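Hydrogens, waters and symmetry mates play no part in the numbers below; they use all other heavy atoms, side chains included. Computed from a prediction, not measured in an experiment: that's the story for all the values here.
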Amino acid sequence: MIELYQFPKMCGLPNTSPFCMKLESYLIAQKYDYKNHYSVDMRGSPTGKMPYIKKDGKIYVDSSLIIDMLEEISPYPMQKNLSILEKSQTLAYKRLCEEHLYWMLVYNRWIDKTSENTWQKILSSTTQMPKFLFNIIFKVMTKNATKQLYEQGLGRLNAQQIYEKADHDLEALANFLADKNYFFVEHATLLDHIVYAFVANIFYTPWQSELKVKLNKYPNLIAHSKRMLAQFFNIR
């Protein structure tokens, strides 16, 4: 039994962390027996981040490292039958999503106030702490996100420039997917589990943001994300 620790469900999604969504759908696809633990308390994680798992009494952190570990011990690894080129493409687009597009999602949620941003209200609804205490914590987390984005580099740009970069990322993903149901073969591989999670967290954002406007230009990515949600979580 794998114990999966992740954030609570929100916005009609399995998770509002694409990293948590990626890992859970991977576990479902690989038919691992697992149990969910939902919490906003990250003190049990050695890195202070979600998701993490407990397996055979040991804690494993980082969604990518967890999947790498599970792939090594699986009798039927998800990536086994991909070519060297396909595995390289998976890594490249994984980096695009998790180390670039991710920061646009951070900006959209925590920093961009040009639209009817309801992120604070959404998070507040998942916690039972007093409102005044939550507001203090949210202010600190916003300050931290702003600092991280600035240090990453995107925070030095204006909103238009940031969303143009997001558009380029989404266009690259849409062009690579083209008219296929999945990126490489006739079933989901790791890249599918990565991309759908990011797309879903943009598409199902419950306010109309510029990031969602950019995504709506690429209906094949939206259809792919909905296909994955229906297949692995029965969300239609």
Evaluate the side-chain proximity of [Y] to [X]: yes if any heavy-atom separation is below 4.5 Å, no if none is.
| X | Y | value |
| --- | --- | --- |
| Met104 | Lys214 | no |
| Leu191 | Gln89 | no |
| Val106 | Tyr102 | yes |
| Tyr196 | Leu229 | yes |
| His193 | Ile67 | no |
| Leu123 | Thr16 | no |
| Leu82 | Leu190 | no |

Quiz prompt | Aromatic contact, Phe203 with Phe198 (centres under 6.0 Å) | solution =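 Between Phe203 and Phe198, the centre distance exceeds or equals 6.0 Å.
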Quiz prompt | Parallel, tilted or perpendicular: rings of Phe183 and His224 (30°, 60°) | solution = perpendicular
Would you confirm whether [X], through its side chain, and [Y], through its main-chain N or O, come within 3.5 Å as a donor-acceptor pair?
| X | Y | result |
| --- | --- | --- |
| Glu210 | Gln160 | no |
| Asn135 | Phe132 | no |
| Tyr93 | Ile194 | no |
| Gln30 | Tyr32 | no |
| Glu72 | Met69 | no |
| Asn220 | Ala178 | yes |
| Asn15 | Ser17 | yes |
| Asn117 | Asp112 | yes |
| Glu86 | Gln79 | no |

Answer yes or no: does atom [atom1] of [X] have more than 12 heavy-atom neighbours from other residues, nucleotides or ligands under 6.0 Å?
| X | atom1 | result |
| --- | --- | --- |
| Lys58 | NZ | no |
| Ile73 | CD1 | yes |
| Glu116 | CD | no |
| Tyr150 | OH | no |

Quiz item: Under 3.5 Å, is there a donor-acceptor pair linking the side chains of Gln148 and Gln152?
Solution: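 Gln152 and Gln148 do not have a side-chain donor-acceptor pair below 3.5 Å.
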Exercise. Could you point out which residue of Leu211, Thr142, Thr118, Asn201 forms a side-chain contact (heavy atoms from CB on, under 4.5 Å) with Arg109?
Key: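 The single option meeting the side-chain contact (heavy atoms from CB on, under 4.5 Å) with Arg109 is Asn201.
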Exercise. Report the C-alpha separation of Thr146 and Trp110 in whole Å, then their side-chain angles, then the decisive distance to 0.1 Å, and conclude whether the side chain to side chain contact (heavy atoms under 4.5 Å, CB included) test is met.
Key: CA-CA 8 Å; Thr146 303; Trp110 292 94; over 6 Å; no
Quiz item: Among all residues two or more places apart in sequence or in another chain, which pass the salt bridge (charged side-chain N to carboxylate O under 4.0 Å, His left out) test with Lys217?
Solution: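 Listed in chain order: Asp167.
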Quiz item: What pairs with Lys94 under salt bridge (charged side-chain N to carboxylate O under 4.0 Å, His left out), at least two apart in sequence or on another chain?
Solution: Glu98
Self-check item: Residues that, via side-chain heavy atoms closer than 4.5 angstrom, fall in one hydrophobic cluster with Val61
Solution: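 Cluster partners of Val61: Tyr5, Phe7, Met42, Met50, Tyr52, Ile59.
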Grab the two heavy atoms, one from [X] and one from [Y], that are nearest each other, plus how far apart they are.
| X | Y | value |
| --- | --- | --- |
| Ser25 | Phe232 | O-CD2, 4.1 Å |
| Asn36 | Leu4 | OD1-CD2, 3.3 Å |
| Pro14 | Glu24 | CB-OE1, 4.3 Å |
| Ala197 | Lys22 | CB-N, 4.1 Å |
| Ala200 | Leu13 | O-CD1, 3.7 Å |
| Leu170 | Leu101 | CD2-CD2, 4.1 Å |

Should [X] and [Y] be counted in the same cluster of Ile, Leu, Val, Met, Phe, Trp and Tyr side chains packed under 4.5 Å apart?
| X | Y | answer |
| --- | --- | --- |
| Leu215 | Trp207 | yes |
| Met10 | Met141 | yes |
| Tyr38 | Phe19 | no |
| Ile235 | Tyr182 | yes |

Hey, could you give me the [atom1]/[atom2] distance between [X] and [Y], rounded to the nearest 0.5 Å?
| X | Y | atom1 | atom2 | answer |
| --- | --- | --- | --- | --- |
| Tyr34 | Glu3 | OH | CD | 13.5 Å |
| Leu149 | Asn144 | CG | CG | 12.5 Å |
| Thr189 | Met78 | OG1 | CE | 7.5 Å |
| Leu96 | Asp169 | CG | CG | 4.0 Å |
| Leu221 | Phe176 | CG | CZ | 12.0 Å |
| Tyr204 | Cys11 | OH | SG | 11.5 Å |

Self-check item: Pair Arg43 + Asp41, salt bridge at N-O below 4.0 Å
Solution: yes
Quiz item: Regarding Lys180 and the six-membered ring of Phe184, is the cationic atom NZ or CZ under 6.0 Å from the ring centre and inside 45° of its axis?
Solution: no
Quiz prompt | Residues Met129, Ile137; criterion side chain to side chain contact (heavy atoms under 4.5 Å, CB included); working and verdict | solution = CA-CA 10 Å; Met129 70 176 62; Ile137 293 174; 3.6 Å; yes
Exercise. Run the numbers on His37 and Lys54 for side chain to side chain contact (heavy atoms under 4.5 Å, CB included), then give the verdict.
Key: CA-CA 11 Å; His37 298 274; Lys54 285 184 180 178; over 6 Å; no
Exercise. Please test Lys212 against Thr205 for side chain to side chain donor-acceptor pair (under 3.5 Å), starting from the C-alpha separation and ending with a verdict.
Key: CA-CA 8 Å; Lys212 189 187 291 188; Thr205 296; 5.7 Å; no
Quiz item: Given Tyr26 and Ile66, is the side chain to side chain contact (heavy atoms under 4.5 Å, CB included) satisfied, shown in steps?
Solution: CA-CA 10 Å; Tyr26 172 86; Ile66 292 168; over 6 Å; no
